[in-house]
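Contents: one structure, followed by commentary.
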Protein chains: 2
Amino acid sequence: MVEAITHAGDGDATKRAKRSDASRQQILDVAAKLFRARGYTETSLRDIGKQVGMKAGSIYYHFTSKEELATEVLRIGVRRVHHAVVLAVEALGPTADAKSRLRAAMVAHLETLLDESDYTSAHIHCFPYVPEGLRGQLSSERKEYEEIWRKLLDDAAADGVLTPGVDRAAARLAILGALNWSLEWYDPKQGLPLHLTSGLLAAFVR
Amino acid sequence: MVEAITHAGDGDATKRAKRSDASRQQILDVAAKLFRARGYTETSLRDIGKQVGMKAGSIYYHFTSKEELATEVLRIGVRRVHHAVVLAVEALGPTADAKSRLRAAMVAHLETLLDESDYTSAHIHCFPYVPEGLRGQLSSERKEYEEIWRKLLDDAAADGVLTPGVDRAAARLAILGALNWSLEWYDPKQGLPLHLTSGLLAAFVR
DNA sequence: GTCTATAGCAAGATAGAC
DNA sequence: GTCTATCTTGCTATAGAC
């Protein structure tokens with residue numbers, strides 16, 4: 001269901017097929033789930049192993065270190081939102097206006113973050129706490145994703161639909177900040193907080 | 001400079017004077033600084049002790065556990081923003097309109113979070129990762145602070161200045177989320193991002 | 001009030017059997 | 001590919017000297 005994007009862009013498809021087996025995938029899934037729920041430092045390899053049904057030491061057959069495992073989880077996390085947002089915006093077709101594209105992007109980001117991907121929520125949740133080297137490795141993927149939003153807001157500004165008195169950088173930071181922060185208060189029992197996206201849209205675009 | 005608010009509301013002022021000495025204060029200050037920069041789990045008592053100039057074991061003379069130390073740091077953190085926001089709003093006088101009060105609250109929250117209080121930023125940074133019992137102990141203080149914002153947005157709505165199409169809960173969550181998330185990208189060299197507060201104000205109030 | 005010393009434990013990681 | 005067993009390190013916390 002999701003593996004197509006999991007390894008997208010890794011390059012060198014021939015050499016890489018070897019270890020994409022079920023165990024590896026299961027480790028990644030469990031790690032994402034626990035990193036999301038508890039955080040990076042608070043999750044031990046023993047915890048992950050227990051839920052996968054293997055001993056902590058066995059994880060080292062699939063990953064060289066906890067850090068490498070986390071790198072892969074967080075990398076998949078950015079790619080997933082990136083992919084979801086691009087898909088949602090493209091689905092509108094080339095004639096859609098800036099406001100509709102912005103709405104689609106916001107909803108897709110929120111859905112992926114809260115509902116569809118433990119990888120993405122793990123990324124958002126853990127990024128500031130993960131070892132510095134790991135953060136550096138993710139910076140290019142993060143910048144690429146940021147670019148989408150920069151463009152969305154540039155387009156809105158060019159169409160003159162951005163609320164007067166709001167500069168584009170502030171709008172981008174405010175919108176993504178508000179969306180990401182929803183991880184702190186989101187309650188799955190209440191369903192996706194779409195009043196947040198529609199509120200943001202009404203506030204920043206007119 | 002800050003102790004007045006540090007212990008405000010602890011009750012029983014007579015019994016409490018004993019251990020409010022310089023060492024205790026220094027431990028709190030260093031802990032707040034490190035919790036902000038690295039997080040709760042990533043900061044050891046040895047780290048704190050080193051910067052205070054004492055051994056880890058000595059901290060236990062002032063606090064019964066790491067958790068108790070963190071509780072105190074995070075509690076001070078909420079109280080500081082709470083206090084700063086109330087002060088900023090009250091400074092406007094009773095005739096100020098809802099928009100001005102909202103602006104003052106946003107700026108005060110941002111200033112305290114990013115610039116003035118490691119306690120507040122430690123709270124925002126660490127709260128989701130801290131042991132569950134500790135989170136429970138802070139809930140009443142957090143709710144009280146939240147009430148201020150609920151009221152600010154109720155007043156704005158009552159005055160009819162809230163942007164149409166935005167419900168009050170969404171506005172509150174979006175504004176506080178955007179402000180808190182600034183901890184992730186704030187660069188002290190750039191100064192306080194006041195374009196964020198003015199952008200939010202232009203977006204949500206008219 | 002702070003120190004030294006250490007108990008007790010859990011973590012990440014490795015080696016070799018199977 | 002996974003297990004057992006273990007090494008090493010670092011943590012919170014405690015006990016008792018000073």
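Every chain is numbered from 1, with letters handed out A, B, ... down the list of sequences.
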With a non-hydrogen cut-off below 4.0 angstrom, is [X] in contact with a base, only sugar-phosphate, or nothing?
{"X": "S44(B)", "result": "sugar-phosphate"}
{"X": "T43(A)", "result": "sugar-phosphate"}
{"X": "K66(B)", "result": "sugar-phosphate"}

Among [options], find the nucleotide with the atom closest to the side chain of [X].
{"X": "M54(A)", "options": "dG12(C), dC3(D), dG1(C)", "value": "dC3(D)"}
{"X": "L45(B)", "options": "dT4(C), dA13(D), dA13(C)", "value": "dA13(D)"}
{"X": "S23(A)", "options": "dA13(D), dG1(C), dG1(D)", "value": "dG1(D)"}

(request) Run the salt-bridge test on E116(A) and R80(A) with the 4.0 Å N-O cut-off and return the result as yes or no. (result)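 Here E116(A) does not pair with R80(A) in a salt bridge, since their nearest N and O are not under 4.0 Å apart.
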
(request) Flag the pair E147(A) and R142(A) as a salt bridge only when some basic side-chain nitrogen lies within less than 4.0 angstrom of an acidic carboxylate oxygen. (result)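 Salt bridge between E147(A) and R142(A), a charged N being under 4.0 Å from a carboxylate O: no.
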
(message) So, OP1 or OP2 of dT2(D): does either fall under 4.0 Å of a side-chain N or O from Y61(A)?
(response)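 For dT2(D), OP1/OP2 do not have a side-chain N/O of Y61(A) under 4.0 Å.
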
(message) Taking only side-chain N and O atoms of Y60(B), does any of them lie within less than 4.0 angstrom of OP1 or OP2 on dA13(D)?
(response)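 Result: yes.
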
May I have the distance from [X] (atom [atom1]) to [N] (atom [atom2]), rounded to whole angstrom?
{"X": "Y40(A)", "N": "dA11(C)", "atom1": "OH", "atom2": "C1'", "result": "11 Å"}
{"X": "L69(A)", "N": "dA11(C)", "atom1": "CG", "atom2": "C1'", "result": "15 Å"}
{"X": "E42(B)", "N": "dG12(C)", "atom1": "CD", "atom2": "P", "result": "12 Å"}
{"X": "F63(A)", "N": "dG12(C)", "atom1": "CZ", "atom2": "P", "result": "15 Å"}
{"X": "I27(B)", "N": "dG1(C)", "atom1": "CD1", "atom2": "P", "result": "11 Å"}
{"X": "Q25(A)", "N": "dG1(D)", "atom1": "CD", "atom2": "P", "result": "15 Å"}
{"X": "K55(B)", "N": "dC11(D)", "atom1": "NZ", "atom2": "P", "result": "13 Å"}
{"X": "D21(B)", "N": "dT2(C)", "atom1": "CG", "atom2": "C1'", "result": "12 Å"}

(message) I'd like to know if the side chain of H83(A) pairs up with that of Y145(A) as donor and acceptor (distance under 3.5 Å, no hydrogens or angles considered).
(response)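 No donor-acceptor contact under 3.5 Å links the two side chains.
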
(message) With hydrogens left out and only the distance checked, is there a donor-acceptor pair under 3.5 Å joining R46(B)'s side chain and the base of dG10(D)?
(response)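 Side chain to base: no pair present.
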
(message) Taking the ring of Y129(B) and the ring of Y40(B), is the distance between their centroids below 6.0 Å?
(response)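 No, the ring centres sit 6.0 Å or more apart.
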
(message) Check whether Y119(A) forms a cation-pi arrangement with K33(A) (NZ or CZ under 6.0 Å from the six-membered ring centre, at most 45° off the ring normal).
(response)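 That pair does not qualify as a cation-pi contact.
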
